[in-house]
Amino acid sequence: MSTRTASVLYDATGPKARMRYRAFGLLSLAAIAALLWFVYSRLDEAGQFSPDLWAPFEYAKVQQRIVDGVLETLKVFGLAALFSITLGALLAAGRLSDHRPVRAVCTAVVQFFRAMPLLIMIFALYRAVFGAEPFWALVIGLTLYNGAVQAEIIRSGVNAVPRGQAEAAYALGLRKTSVMTTILVPQAVRSMLPAIIGQLVVTLKDTSLGYIIAFHELLYVGKLIASNTSTPEGYPYIPVVLVIAPIYIGLCLALTALAKWIEARGRRGTNRRTPAAA
């Protein structure tokens with residue numbers, strides 16, 4: 001966007017405004033630095049940076065436990081992501097159906113699982129069905145909840161496509177299935193992809209709820225390491241949190257970066273096709 005076009009959309013900031021923005025930025029950085037220093041000081045005073053509390057992480061068995069926890073977390077996330085997107089596509093197709101009974105059933109399913117607290121659903125599945133397999137209780141719980149959310153994202157994306165697109169396709173004699181698969185869905189994917197990936201990030205974070213059913217994902221492994229390791233300074237709960245939390249943050253940032261890359265790639269592909277179509 002050129003400077004002239006930008007000036008039409010909003011007023012350019014003057015020298016005083018730019019100085020104020022810089023001052024606010026510096027003050028914000030100073031406040032964040034002060035907060036981090038305060039947290040560090042309190043933890044240091046409590047002895048949480050004592051070498052004794054961090055010594056357990058030097059053992060190969062503890063490191064292997066953390067790696068195993070990450071792998072179990074990724075395994076649950078991979079299956080839950082695949083199943084939830086598949087379930088979401090099916091429920092969205094049902095909600096967009098011309099048959100009223102199908103729409104009513106799919107709407108009821110979506111509304112029920114969106115309203116059900118995920119923690120309660122996982123615990124209920126574990127106690128009632130998958131008592132010997134907490135892995136599947138966590139996967140199915142994540143699938144049902146996130147599948148209902150993904151269904152609404154997909155439905156909203158399809159409905160966001162201009163109505164004239166479908167009307168023109170029907171005028172050419174296409175059936176609804178062909179209109180959905182060749183006209184509406186390909187256009188809707190570009191607009192709903194960031195929301196779908198954003199919900200997958202939520203799915204990844206929600207794998208930590210496996211803690212409540214004693215599934216050996218990353219958070220539960222961290223709890224075991226902290227509670228089973230006694231040192232002269234006490235149990236290393238805070239060091240475990242300081243190790244586990246960055247792993248979760250790194251996984252979520254990697255997934256977010258992948259979403260941005262896919263979105264940018266799709267945008268470049270669209271820009272390349274536009275001149276040819278013109």
Side-chain angles (χ1 to χ4, degrees), residues 32 35-84 117-143 145-146 199-258:
I32 293 172
L35 178 61
L36 292 176
W37 177 254
F38 173 76
V39 172
Y40 170 80
S41 300
R42 294 299 299 269
L43 292 176
D44 188 44
E45 291 174 2
Q48 294 300 323
F49 294 106
S50 171
D52 291 333
L53 290 177
W54 292 85
F57 296 103
E58 299 176 357
Y59 295 101
K61 288 185 177 180
V62 172
Q63 297 172 4
Q64 187 60 46
R65 277 190 174 186
I66 295 175
V67 172
D68 292 341
V70 172
L71 293 178
E72 289 297 317
T73 295
L74 292 177
K75 189 188 301 182
V76 170
F77 166 70
L79 290 176
L82 176 63
F83 294 161
S84 63
L118 180 55
L119 183 60
I120 294 176
M121 185 157 41
I122 292 173
F123 188 75
L125 286 170
Y126 173 68
R127 285 297 184 182
V129 183
F130 300 102
E133 293 289 342
F135 173 84
W136 287 111
L138 182 57
V139 170
I140 299 301
L142 291 172
T143 298
Y145 174 77
N146 291 283
Q199 188 60 35
L200 290 180
V201 173
V202 175
T203 304
L204 176 58
K205 292 189 291 185
D206 286 344
T207 57
S208 61
L209 295 177
Y211 171 90
I212 196 66
I213 57 175
F215 176 68
H216 286 229
E217 45 77 42
L218 183 57
L219 181 61
Y220 188 76
V221 167
K223 182 255 184 185
L224 290 179
I225 294 173
S227 60
N228 295 331
T229 306
S230 178
T231 69
E233 299 291 339
Y235 292 94
Y237 283 102
I238 298 299
V240 166
V241 170
L242 294 178
V243 170
I244 297 299
I247 296 177
Y248 275 111
I249 295 172
L251 292 175
C252 292
L253 289 178
L255 188 58
T256 303
L258 175 62

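One-based numbering along the sequence shown. All values reported here derive from a predicted model rather than from experimental measurement.
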note = Between the CG atom in Leu142 and the CE atom in Met121, the distance rounded to the nearest 0.5 Å is 8.5 Å
Side-chain donor-acceptor contacts of residues 122-129 below 3.5 Å, not counting sequence neighbours, with atom names and distances?
none

ask   = CZ of Phe130 to CH2 of Trp136: how many Å apart, nearest 0.5 Å?
value = 8.5 Å
query = Is any side-chain heavy atom of Gln199 less than 4.5 Å from a side-chain heavy atom of Asn146?
reply = yes
key: Heavy-atom closest pair, residues Ile213 and Ala137   = CD1-CB, 4.1 Å
Nearest-0.5 Å distance, OG1 of residue Thr256 to CD1 of residue Ile249 = 11.5 Å
query = From Leu138 CG over to Thr73 OG1, what is the distance, rounded to the nearest 0.5 angstrom?
reply = 8.5 Å
query = What are the two closest heavy atoms between Pro236 and Ala226, and how far apart are they?
reply = CD-O, 3.6 Å
key: Candidate pair Tyr248 and Leu219, rule side-chain contact (heavy atoms from CB on, under 4.5 Å), full reasoning   = CA-CA 9 Å; Tyr248 275 111; Leu219 181 61; 3.6 Å; yes
key: Heavy-atom side-chain proximity of Ser227 to Tyr237 below 4.5 angstrom   = yes
query = Taking only residues two or more places apart in sequence or in another chain, which ones pass ring-ring contact (aromatic ring centres under 6.0 Å, His included) with Phe215?
reply = Phe135
inquiry  = Return the CG to NZ distance between Leu255 and Lys205, rounded to the nearest 0.5 Å.
reply    = 10.5 Å
Please set out all donor-acceptor pairs under 3.5 angstrom arising from side-chain atoms of residues 49-61, sequence neighbours excluded.
unit_1	atom_1	unit_2	atom_2	d
Ser50	OG	Asp52	N	3.4
Trp54	NE1	Gln48	O	2.9

task = Identify the two heavy atoms, one from Ala81 and one from Leu200, that lie closest to each other, and give their separation to 0.1 Å.
result = CB-CD2, 3.6 Å
key: Value rounded to 0.5 Å, distance of CG in Leu82 from OG1 in Thr203   = 12.0 Å
query = Of Val221, Val67, Leu224, Ile225, which is the lone residue that meets side chain to side chain contact (heavy atoms under 4.5 Å, CB included) with Val62?
reply = Ile225
For Thr207 against Glu217, the heavy-atom pair lying closest together = O-CG, 3.6 Å
Chi angles and distances behind the side-chain contact (heavy atoms from CB on, under 4.5 Å) call for Leu218, Glu72 = CA-CA 7 Å; Leu218 183 57; Glu72 289 297 317; over 6 Å; no
